[in-house]
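Keep in mind it's a predicted model, so treat the numbers as computed, not measured. Sequence lines set the chain letters: A, B, ... in the order given, protein chains first and strands last, and positions in each chain run from 1.
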Protein chains: 2
Amino acid sequence: MAPKREKKRANLRDVARVAEVSVATVSRVLNSPDVVQKETRERVEKAISELGFHPSAAARAINSGRTKIIGALVPTLDSDIFALTIEAVENRLEDFGFSLVVATTGEDPDKEAKRAKELLDIGAEGLIMPGTTHCDALYDLIERTRVPAVVISYYDPAFRYPTIGYDNREAAALAMSHLLELGHRNIAVVHGPAQNNDRTRARVAGVATDRADVQLTFLETDLTIAGGTDAVKQASGESRVFDAFLCVSDVQAFGVLFELQRRGIAVPDDVSVMGLHDLPGSSSTFPSLSTIRLPAQKMGRLAAEGLAKWVESGTRPSPACLPNALMVRESTAPSRLKAKRK
Amino acid sequence: MAPKREKKRANLRDVARVAEVSVATVSRVLNSPDVVQKETRERVEKAISELGFHPSAAARAINSGRTKIIGALVPTLDSDIFALTIEAVENRLEDFGFSLVVATTGEDPDKEAKRAKELLDIGAEGLIMPGTTHCDALYDLIERTRVPAVVISYYDPAFRYPTIGYDNREAAALAMSHLLELGHRNIAVVHGPAQNNDRTRARVAGVATDRADVQLTFLETDLTIAGGTDAVKQASGESRVFDAFLCVSDVQAFGVLFELQRRGIAVPDDVSVMGLHDLPGSSSTFPSLSTIRLPAQKMGRLAAEGLAKWVESGTRPSPACLPNALMVRESTAPSRLKAKRK
DNA sequence: AGGATTATTGTAACCAGTTACATTATGTGC
DNA sequence: GCACATAATGTAACTGGTTACAATAATCCT
């Protein structure tokens, strides 16, 4: 048996040897095939496929300085809230030849900085992250490395990095005004943890009203279905009777719907429920959920596009505020209390 | 004004120059600091921080052949089904110093092969993917490159790659036997698209029974909440009356619950609803969903661990079948029809 | 004291590509 | 037939790290 040479991945020099050309020619076949004579090119291509040659991204990256990797920092993927957007980002980045590395941070600011550093260590050429509330270590890092970074899910044209998102405050205000128009005056506002979360804070701020006849009760629970059910439990402990639940996340609204059903409280006859996000399932609940449609996927695509172009050609994207839309469905109706008042 | 030299990222040689040591010493400070004298080390570290030096992962990768990147191929992130597992994978990989690149394939086998090639092009050292139904191009690629690949969400010890998952067939059988024990005999089995999806097929196969008194009706709909509502609509078109819905995905079960509520069909009094997966929200629905708990997160962690070790030390993980568990909650109860029959 | 051992640091080759520049061959114009 | 432009290919330097080996200095042992 012939002593098989240890098999290792073929490199450019191997290909050059087999095709009896120089390394430069092989490189040209890979990068600008048109300048190579057809005959030579075919010989090289044959050698490439014979050897199963596969250019090393690392070696390429060392020259070009390009890794074609974008990093995303997200709190969690365990609800549809980010997963949908991340998928859109990933899909759009692919069109630009970029790969997406996802790092989950669990809302922990310190972990966020640590993960960001890891992303840059592996050569991420751009970062994408939701919201503007991050720790200084992260900002320092971005400043030092001058890596293009875009913020999603939030809009603030004055922010240090381009924000490509939506107006959380306006979304919440839109939801609130819908409820007010329906005559609701005693409203439970269900929201997720506000700490370190500008989106939640903006939404909470957005529901504010100076109408003296409106009573708002804020209930902070987890950003989960269970959090929604908890909110109803909390609400039932209050002395006040609510005529509407405004959940600033659809996920919580799902929980609210379930828990109200459990308690035999009819939606929207006894109480209205309003969401905010418009998840894929929100139109299929019972009753179907009135909500504010956030442009989650469109935002993901736009952010991916802006970041890709920024990395490629240095043109920093301008901040963008994508429109929200009120989706009136079955879960909201004129207040019973209002009717009584009449 | 002194002509500022164009600022570019500092490299190892720059650091060596500033610290007045050789490149080898700088490299040692980075990789085995203990062999460098304290005084020298501090000088180098000072230079590193002064220059904001940041070693290039690409250059490192070119030598070691290591990129510390794992690729994941998933159909979609737009439901909790994969997102949860992916998050667990990502978290566990981090412990091993690996980063996760996610590529979504949209259940399209051709796209899957294309994306896999891209993952390998950027230097992924391992692949992770759900299920065993993939196109030959993908298998060829894995064979040619000999990249470690593990399959999740499925268990088949005889499969060419290690499967780290659960027994889909048994999970479905478990769900079915629960319904049978409760006396249900006329069961609508709601499942997602079976084409190119071994998990769905195994689940569908798992519900089979040879009992002559059991009537199964299979309803194929989308793997979404809306798909669940569709299933109920389809079911209502059938002449038969069902005493239970067995949804082989909790996502669909959510839709079924909503649509039954819409129709005023009481669960579990009029009809039982059984899920399969146990998503985070499944215990908070109304009624809370009886389901089979799949070890999604544990599986993610284990697969990440096995793949990391395989890549690091060449020890291929053994296939693993993690246990499913029947979660009896409120949505299932003895069949009304059975009671009548008695 | 002198040779051996050990601790530190330096030199230069190497990884797998890209690319500036040089070389050679071919075609064109006069 | 010769100068010149153009096309195709080759040579070698370069990217930014790692590391084998060499060199030097300091310490140990008899």
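Each of A/Val35 and B/Arg60 lies near DNA chain D, and the nucleotide nearest A/Val35 is the one positioned closer to the 5' end. The 5' end of DNA chain C is approached more closely, in terms of each residue's nearest nucleotide, by B/Thr25 than by the other of B/Thr25 and A/Ala24. Nearest-nucleotide assignment on DNA chain C puts the 5′-proximal partner with B/Val36, out of B/Val36 and B/Asn63.
Under 4.0 Å is where a charged nitrogen must lie from a carboxylate oxygen, and between A/Lys114 and B/Glu94 at least one such pair does. A salt bridge links A/Glu125 with A/Arg66: the closest approach of a Lys/Arg side-chain nitrogen to an acidic carboxylate oxygen falls below 4.0 angstrom. Using a 4.0 Å cut-off between charged nitrogen and carboxylate oxygen, B/Arg301 and B/Glu305 do not count as a salt-bridge pair.
Close to C/dT9, at under 4.0 Å from its OP1 or OP2, lies a side-chain N or O of B/Thr40. One finds a side-chain N or O of B/Asn31 lying less than 4.0 angstrom from the OP1 or OP2 phosphate oxygen of D/dT18. Put simply, B/Ser22 has a side-chain N or O that comes within less than 4.0 Å of OP1 or OP2 on C/dG10.
Residue A/Ser64 is out of contact with every strand shown, counting any heavy-atom pair closer than 4.0 Å. B/Val23 comes within 4.0 angstrom of a nucleotide base, judged by non-hydrogen atoms across all strands. B/Ser27 comes within 4.0 angstrom of a base, heavy atoms only.
Side-chain to base pairing of A/Arg28 with D/dG10: one donor and one acceptor N or O lie within less than 3.5 Å of each other. The base of C/dG17 sits with one of its N or O atoms less than 3.5 Å from a complementary donor or acceptor on the side chain of A/Arg13.
Remark: P of D/dC14 and CZ of B/Arg9 are 21 Å apart, rounded to the nearest angstrom. For the pair A/Asp121 CG and D/dG17 C1', the computed distance is 14 Å after rounding to whole Å. At whole-Å resolution of the value, CD in B/Glu42 and P in C/dT8 are 14 Å apart. Regarding B/Gln37, its CD atom lies at a distance of 8 Å from the C1' atom of C/dA7, rounded to whole Å. Note: CZ (A/Arg17) to P (D/dG10) measures 14 Å, nearest angstrom. In this structure, the CG atom of B/Asp14 is 12 Å from the C1' atom of D/dT15, given to the nearest Å. The CG-P distance, from A/Leu12 to C/dA16, rounds to 10 Å in whole Å. Between B/Phe53 atom CZ and D/dG16 atom C1' there is a gap of 8 Å when expressed in whole angstrom units.
Comparing D/dA20, D/dG16, D/dG17 against the side chain of B/Ile62 picks out D/dG16 as the nearest. In this structure, of D/dT19, C/dG17, D/dG10, it is D/dG10 that holds the atom nearest to the side chain of A/Val21. With D/dT11, C/dT18, C/dG17 as the candidates, the nucleotide lying closest to the side chain of A/Pro55 is C/dG17.
Relative orientation of the B/Tyr139 and B/Tyr161 rings is tilted, given thresholds of 30° and 60° on the angle between their planes.
Side chain to side chain, B/Thr76 and A/Glu87 meet the donor-acceptor criterion of an N or O pair below 3.5 Å. With 3.5 Å as the limit, one finds no donor-acceptor pair spanning the side chains of B/Asn196 and B/Thr133.
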